[in-house]
Structures are given as C-alpha cells and as structure tokens.
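I have placed the structure first, in the form of structure tokens, so that the comments after it can refer back to it.
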Amino acid sequence: MAKFTEEVREFFDIRRLVFRIGELAAMTDVSARQLRYWEKKGLIASEEREDGQQARVYTFKTFVRVSMIKYYLDTGYTLAAAGKLAAERQDRVQYIHRFITRGMRGMAQVDGQMAINLGPFDETKTLMALIPEADTDAVHYKLLPNEEAQRVTQNTPA
DNA sequence: ATTCTAACA
DNA sequence: TGTTAGGA
C-alpha cells in the first residue's frame, strides 16, 4: 500500500506536468512568438529538453506566471509592468505556500475523521487538526501522544 | 507534426 | 507583434 501511495504521489507530482510551447500558447492565449520574446526579456523561464532536442519545456509554475502576465496585460499594464506585478504576486504566493506546507506533516485519521498532522506541540504531544464534515463547521484541534500521531499519519508531503 | 532562429512585402 | 523561410 505504501508503494502504491508513493506511485500515485509520483504520478501526480506537479513537476512532471510540463508543456511545450504550442500547448502553453493554446492554454494561455499567448502566442509562441510572445512566449519566446518574454523569455528573452527575462519575464519567464523555460527548461532545456533532456533528450537534447532543441525545444522549450515549460513547468506548471511558468504556466501560472504566463497566465498572470497575460491577465495584467489585458488589464492595461505594459509588458514590463505586468511582468513585475506577476513576479511579485507569485513570490508572495510561494511564501505563503511554504509557510503552510512547513506546518503540514501529513494526513491522518482521527476518531474516524480526516485530520492534518500539524507537528510537535511539545515533547510528548502532537497537534492534529480535525477537518469538519461540512465546510460550515469549525476546525477542531486535538493533542495526541507522539506515537499515536505517528501511527495514524498516513503520509508526509515531499 | 512541431519547434527553432532570424529576418521583414 | 505577426508571419515566414529554411533547417532539425
């Protein structure tokens, strides 16, 4: 089961989700010409292909970046301003994402309820956040002995 | 079939 | 920025 879980996580690893220039262009309504130009301007990045072929590869993160630049462009900003705004916004999002993932030690099952292992509370106890059945209900917290917390926690983020 | 760079009726 | 040539 652990192996299967690992395989699933690997399969859905966002880093495996990459696009070529034609795909990204269609997805974002930004021309391939623009994408190459934006890259030359340093607004976006692309990877080299491993197989040595001369073709760009874009990550999901770059897809998001392109989408944001496109949005600011359509809103009326110049390309340079749109690029700057997109970069700043993505930096903030990344910071928040890191802040959150740092606190997540994995998913767990507590009292038959889905829960998030939030890590050590003190020397002997671990803080668990119990996810409510309905999203109108409040999140509840519970302290578990470290051993029990470890036992009910099913996986840990990469 | 798709992408590359460089250049412009 | 679009489009095209000519090659990979």
Side-chain angles (χ1 to χ4, degrees), chain A residues 1-110 113-120 126-137 139 149-150 152-158:
Chain A
M1 179 59 84
K3 186 170 190 297
F4 175 73
T5 302
E6 185 55 41
E7 285 172 358
V8 171
R9 292 174 68 79
E10 191 174 309
F11 183 83
F12 286 106
D13 187 342
I14 199 94
R15 285 166 294 199
R16 286 185 174 240
L17 189 58
V18 294
F19 315 101
R20 296 178 68 187
I21 199 167
E23 300 174 303
L24 187 59
M27 289 160 63
T28 58
D29 200 30
V30 171
S31 70
R33 171 79 156 95
Q34 284 175 300
L35 291 173
R36 296 188 189 103
Y37 181 68
W38 294 4
E39 178 178 337
K40 194 160 60 174
K41 285 277 169 179
L43 271 42
I44 60 173
S46 75
E47 322 274 318
E48 302 286 330
R49 275 181 57 151
E50 297 291 340
D51 57 18
Q53 287 293 310
Q54 192 183 33
R56 274 166 260 255
V57 168
Y58 298 98
T59 62
F60 186 82
K61 186 176 171 181
T62 301
F63 160 64
V64 174
R65 174 73 69 102
V66 171
S67 302
M68 288 193 295
I69 295 175
K70 164 74 170 164
Y71 166 75
Y72 287 121
L73 224 43
D74 290 347
T75 308
Y77 289 99
T78 64
L79 178 59
K84 191 160 179 278
L85 285 171
E88 289 168 354
R89 170 166 263 264
Q90 203 164 34
D91 282 348
R92 290 200 303 276
V93 169
Q94 189 168 98
Y95 178 82
I96 292 167
H97 180 261
R98 269 205 283 265
F99 179 83
I100 293 171
T101 34
R102 192 167 300 167
M104 297 245 311
R105 302 308 175 84
M107 301 300 295
Q109 198 80 17
V110 177
Q113 220 177 146
M114 223 188 304
I116 298 169
N117 182 328
L118 291 174
T126 297
L127 181 62
M128 311 295 289
L130 275 56
I131 301 171
E133 302 290 335
D135 54 12
T136 52
D137 296 340
V139 174
Q150 174 125 22
V152 297
T153 300
Q154 282 142 15
N155 56 57
T156 51

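A, B, ... follow the sequence lines: proteins, then strands. Residue 1 opens every chain. All values derive from a computational prediction rather than experimental measurement.
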- Query: Does a nitrogen or oxygen in the side chain of A:R56 sit under 4.0 Å from OP1 or OP2 of B:dT3?
  - Reply: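 A:R56 to B:dT3 OP1/OP2: no side-chain N or O under 4.0 Å.
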- Kindly express the pairing pattern of DNA chain C in dot-bracket notation, using | wherever a base pairs with another strand and counting only Watson-Crick or G-U pairs under 3.5 Å. .|||||.|
Which heavy atom of [X] sits nearest a heavy atom of [Y], and at what distance?
X	Y	value
A:A25	A:L35	N-CD1, 4.0 Å
A:A32	A:I21	O-CD1, 3.6 Å
A:A86	A:R65	CB-CD, 3.9 Å

- Let me have a per-nucleotide readout for nucleotides 1-8 of chain C, 5' to 3', with B, S or -, counting only protein heavy atoms under 4.0 Å. BBB-----
Donor-acceptor pair, side chain of [X] and main chain of [Y], under 3.5 angstrom:
X	Y	result
A:Q90	A:K61	yes
A:R105	A:Q150	no
A:E23	A:R20	yes

- Task: Indicate the ring-plane relationship of A:F60 and A:F19, choosing parallel, tilted or perpendicular according to the 30° and 60° boundaries.
- Result: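 Ring orientation of A:F60 relative to A:F19: tilted.
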- Electrostatic pair A:E88-A:R92, nearest N-O below 4.0 angstrom: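 No.
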- Message: Please classify the nucleic acid contact of A:R36 as base, sugar-phosphate, or nothing, using heavy-atom distances under 4.0 Å.
- Response: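 Touches a base.
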